[in-house]
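All chains are named by letter (A, B, ...) in the order of the sequence lines, taking the proteins before the strands, and each is independently numbered beginning at 1. Note: hydrogens, waters and symmetry copies are ignored here, and every other heavy atom, side chains too, is used.
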Number of protein chains: 2
Amino acid sequence: MENRPLILITNDDGVDAPGIRALTESIRDLGNILVFAPDGPRSGMSSAITSAVPVKARLLKQEEGLTIYSCSGTPVDCIKLAMNEFVPRKPDLILSGINHGTNVAICVHYSGTLGAAIEGCIFGVPSVGISLTDHSLEADFRETTRVSRIVVEHILNEGLPSGTYLNLNVPDIPEVKGIRVAQQAEGKWVKEYMKSTNAQGDPVYWLTGQFECSCPGHPLNDTHALDEGYASLVPCKIDVTDYNYIDKLNQHFS
Amino acid sequence: MENRPLILITNDDGVDAPGIRALTESIRDLGNILVFAPDGPRSGMSSAITSAVPVKARLLKQEEGLTIYSCSGTPVDCIKLAMNEFVPRKPDLILSGINHGTNVAICVHYSGTLGAAIEGCIFGVPSVGISLTDHSLEADFRETTRVSRIVVEHILNEGLPSGTYLNLNVPDIPEVKGIRVAQQAEGKWVKEYMKSTNAQGDPVYWLTGQFECSCPGHPLNDTHALDEGYASLVPCKIDVTDYNYIDKLNQHFS
């Protein structure tokens with residue numbers, strides 16, 4: 001068992017969510033697995049970190065090839081704490097998911113699932129965020145685990161460049177047409193709040209909204225890949241510098 | 001007053017923090033200002049959003065050219081709620097800061113200050129995150145407000161490309177050598193936890209750590225600019241796609 005790959009898994013729906021369980025079970029034969037995931041839902045936590053209070057971890061299961069911890073922190077806290085204090089060695093792969101819900105286009109910025117993948121990448125470990133477009137607890141993860149396994153086996157063999165992580169989204173259909181390498185769609189959310197009133201009579205605002213793609217139907221967009229029945233696979237970078245605009249700014253500031 | 005620029009300001013240290021007050025006062029003559037900021041500290045909140053509970057806003061001040069609201073949400077919630085429900089028209093500029101503490105290199109991923117700038121950019125408004133390297137409440141913001149004003153006046157005149165926002169960091173010195181257009185430094189945090197014990201005798205972990213730059217002294221890094229006594233100005237992109245790696249992935253998956 002010593003030479004098997006070590007795979008660290010987290011998510012943002014919590015350690016008990018069906019998505020992370022399905023993913024874990026589907027790749028147990030590929031390596032030794034350490035699940036280190038939040039003790040409850042942390043959706044929309046992005047790359048948030050916890051510093052005002054300490055974080056805690058609790059061992060839930062330890063058996064041959066599988067160890068499971070829950071953690072009081074965010075998805076990024078989970079990766080940080082696991083990597084600093086709980087991994088027996090540097091993992092060969094970090095997976096985050098399977099998220100209950102889509103994480104394409106600008107949603108990569110809000111997603112706790114992707115936050116954990118970014119963090120894994122910062123640690124220099126090949127990292128993949130995995131999401132299914134169905135956000136219900138009863139979602140059917142069978143096709144997503146099949147597709148994920150293809151990507152996992154590829155990354156275990158080939159690795160990823162330093163500073164690059166992957167964002168995999170799988171549509172909620174029985175059989176995808178394939179995996180389409182895509183780019184992050186442009187767009188924004190609109191009509192984002194439902195105004196309501198609390199028990200004291202004060203106005204309160206519930207987050208909701210619709211995503212409006214700027215280029216619907218663009219053949220390379222991740223959103224379009226899903227619409228067409230493909231799983232979308234977007235390579236993403238830790239370095240967010242806009243190198244094309246540096247020269248223009250330099251004309252003014254240097 | 002109708003033709004003056006409209007400037008929306010938020011932060012992640014809370015509406016009462018000295019940094020946001022100093023920024024607001026220093027540019028009041030440049031336009032009508034709407035401050036819409038968290039009701040308390042939200043450091044390290046990244047682009048986190050609040051959906052499990054509703055968010056609320058409270059009017060704190062309304063006078064000629066300046067309106068101030070506090071909001072129960074994260075920095076991104078502040079931008080979303082202000083833009084959806086509270087702005088009289090689309091702002092000409094969104095500022096986030098002045099943050100009490102540095103936001104360079106990979107810290108852009110954890111920063112609530114930058115989360116708000118990203119969100120402003122998603123709304124199509126030129127947006128700038130502003131940080132001072134001194135994280136104390138008693139920090140001296142005079143040089144930072146002077147430098148910020150130079151950037152603000154430039155952006156009000158020239159705008160920014162769609163999908164690009166700015167990350168401005170100012171070193172804690174009486175006079176910077178200038179503004180250096182820079183790129184996000186590579187590196188990672190190490191020794192990130194101080195292990196301790198809570199009152200029940202359970203182990204708890206406090207986030208701490210040191211940043212290790214992969215390329216210290218690289219002349220184009222934002223970290224190096226600060227070390228040299230310059231303010232660093234990094235143009236950043238909403239689109240995190242690694243376009244250089246798409247072809248390589250396509251060789252395997254298409």
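Each of B:I106, B:I150, B:V108 has some count of heavy-atom pairs under 4.5 Å with chain A, and the biggest count is that of B:I106. When A:G209, A:G73, A:P235, A:A48 are compared by the number of non-hydrogen pairs under 4.5 Å with chain B, A:P235 comes out ahead. Chain B forms the most heavy-atom pairs under 4.5 Å with one residue out of A:L249, A:I118, A:L81, and that residue is A:L81.
Looking at every heavy atom in both residues, B:A182 comes nearest to A:I246 through O-CD1, 3.8 Å. Summarising the geometry of B:G187 relative to A:I122, their closest heavy-atom pair is O-CG2, 4.2 Å, with the distance given to 0.1 Å.
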Record all donor-acceptor atom pairs with a distance under 3.5 Å between chain B and chain A; write none if the list is empty.
residue, atom, partner, partner atom, Å
B:G44, O, A:I49, N, 2.9
B:S46, OG, A:S46, OG, 2.7
B:S46, OG, A:S47, N, 3.1
B:S47, N, A:S46, OG, 3.1
B:I49, N, A:G44, O, 2.9
B:V55, N, A:Y205, O, 2.8
B:V55, O, A:Y205, N, 2.9
B:K80, NZ, A:Y110, OH, 3.1
B:K80, NZ, A:E192, OE2, 2.6
B:N84, OD1, A:E192, N, 3.1
B:N84, ND2, A:E192, OE1, 3.0
B:H109, NE2, A:I238, O, 2.8
B:Y110, OH, A:K80, NZ, 3.1
B:Y110, OH, A:E119, OE1, 2.6
B:Y110, OH, A:E119, OE2, 3.2
B:E119, OE1, A:Y110, OH, 2.7
B:E119, OE2, A:Y110, OH, 3.2
B:H154, ND1, A:H252, ND1, 3.3
B:H154, ND1, A:H252, NE2, 3.3
B:T164, OG1, A:D242, OD2, 2.6
B:Q184, N, A:T241, OG1, 2.9
B:Q184, OE1, A:V240, N, 2.9
B:Q184, NE2, A:I238, O, 3.2
B:E192, N, A:N84, OD1, 3.1
B:E192, OE1, A:N84, ND2, 3.0
B:E192, OE2, A:K80, NZ, 2.6
B:Y205, N, A:V55, O, 2.9
B:Y205, O, A:V55, N, 2.8
B:P235, O, A:D242, N, 2.7
B:K237, N, A:V240, O, 2.8
B:I238, O, A:H109, NE2, 2.8
B:I238, O, A:Q184, NE2, 3.2
B:V240, N, A:Q184, OE1, 2.9
B:V240, O, A:K237, N, 2.8
B:T241, OG1, A:Q184, N, 2.9
B:D242, N, A:P235, O, 2.6
B:D242, OD2, A:T164, OG1, 2.6
B:H252, ND1, A:H154, ND1, 3.3
B:H252, NE2, A:H154, ND1, 3.3

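In this structure, chain A has heavy atoms under 4.5 Å from both the backbone and the side chain of B:I238. Heavy-atom distances place the side chain of B:V76, and not its backbone, under 4.5 Å from chain A. Contact of A:I179 with chain B is made through backbone and side chain together, with heavy-atom distances under 4.5 Å. In this structure, the portion of B:L166 lying under 4.5 Å from any heavy atom of chain A is its side chain and not its backbone. With a threshold of 4.5 angstrom between heavy atoms, B:A105 does not approach chain A through any atom at all.
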- With side-chain contact (heavy atoms from CB on, under 4.5 Å) as the test, would you mind laying out the steps for A:V204 and B:V55 before giving the verdict? CA-CA 6 Å; A:V204 297; B:V55 291; over 6 Å; no
